[in-house]
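One structure is given here, and the rest of the page talks about it.
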Amino acid sequence: MLFDRDGTLIVDVPYNGDPQRVTLTPTAREAVDLLRAHSVPFAVVSNQSGVARGLISEEQVAAVNARVAALLGAAGLPFFVCPHAEGEGCGCRKPAPGLLKSAAAALGVPIEECAMIGDIRADVDAALAAGARPVLVPTPATLPHEVALAPAVAPTVLDAVRLVLGVS
Ligand SMILES: [Mg+2]
Ligand SMILES: [Zn+2]
């Protein structure tokens, strides 16, 4: 299972480099606990263009990621980060499929068996490009047409995980 970070597992604080400002979204912990109960491996795939733009450092991203992992009780949680800016033409910035493919390979799970849970169109399109199953969890910032176009939508991250696992 693959998760977007900002706006999905944690409350989005744009270009945040401060671990103290990390807050989980309401059901994130319960969602990963459910995955653990089902022995489903998971990773995080995150665009961090603030690195390329000089707004945050790689070290700050790593510190925030470490805080996310700690709050989730998921020591060693794998993070796959695109540090590039839009327009650089990298293969990893979502909606490109690169991060998702790398994450699936690291988890040892065929990409076709991976779900991608995220809050915006780029997450859905990256999943479709990679061959994974997208589930959109809208936030107040998610555009209505993004919701309308998503193949699957869930109201919370926990509901998305339940949907993928087929449990209620
Ligand atoms: Mg997001
Ligand atoms: Zn990239």
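In each ligand, atom 1 is the first atom listed, and ligand 1 is the first ligand listed.
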Item to complete: Sort out for me which residue in D4, T139, D6 forms a side chain to side chain contact (heavy atoms under 4.5 Å, CB included) with D12.
Response: D6

Taking the side chain from [X] and the backbone from [Y], do they hold a donor-acceptor pair closer than 3.5 Å?
| X | Y | result |
| --- | --- | --- |
| Q48 | V81 | no |
| R29 | L71 | yes |
| D123 | I120 | yes |

Scan the side chains in residues 148-164 for donor-acceptor partners under 3.5 Å anywhere in the protein, sequence neighbours excluded, and list what turns up.
residue : atom : partner : partner atom : Å
T156    : OG1  : L158    : N            : 3.4
T156    : OG1  : D159    : N            : 2.9
T156    : OG1  : D159    : OD2          : 2.7

Worksheet item: Are L35 and V135 linked, directly or through other ILVMFWY residues, by side chains that come within less than 4.5 angstrom of each other?
Response: yes

Worksheet item: Hey, any chance V61 and V11 share a hydrophobic cluster, counting ILVMFWY side chains that come within less than 4.5 Å of each other, even indirectly?
Response: no

Worksheet item: Should we say atom CZ of R21 is surrounded by more than 12 heavy atoms from elsewhere, each under 6.0 Å from it?
Response: no

Worksheet, complete the sentence: So the protein N/O/S atoms within less than 2.8 Å of the Mg ion (ligand 1) come down to D4 OD2, D6 O, D119 OD1

Worksheet item: Which protein N, O or S atoms does the Zn ion (ligand 2) have within a distance shorter than 2.8 Å?
Response: C82 SG, H84 ND1, C90 SG, C92 SG

Worksheet item: Who are the side chain to side chain donor-acceptor pair (under 3.5 Å) partners of S49, not counting sequence neighbours?
Response: none

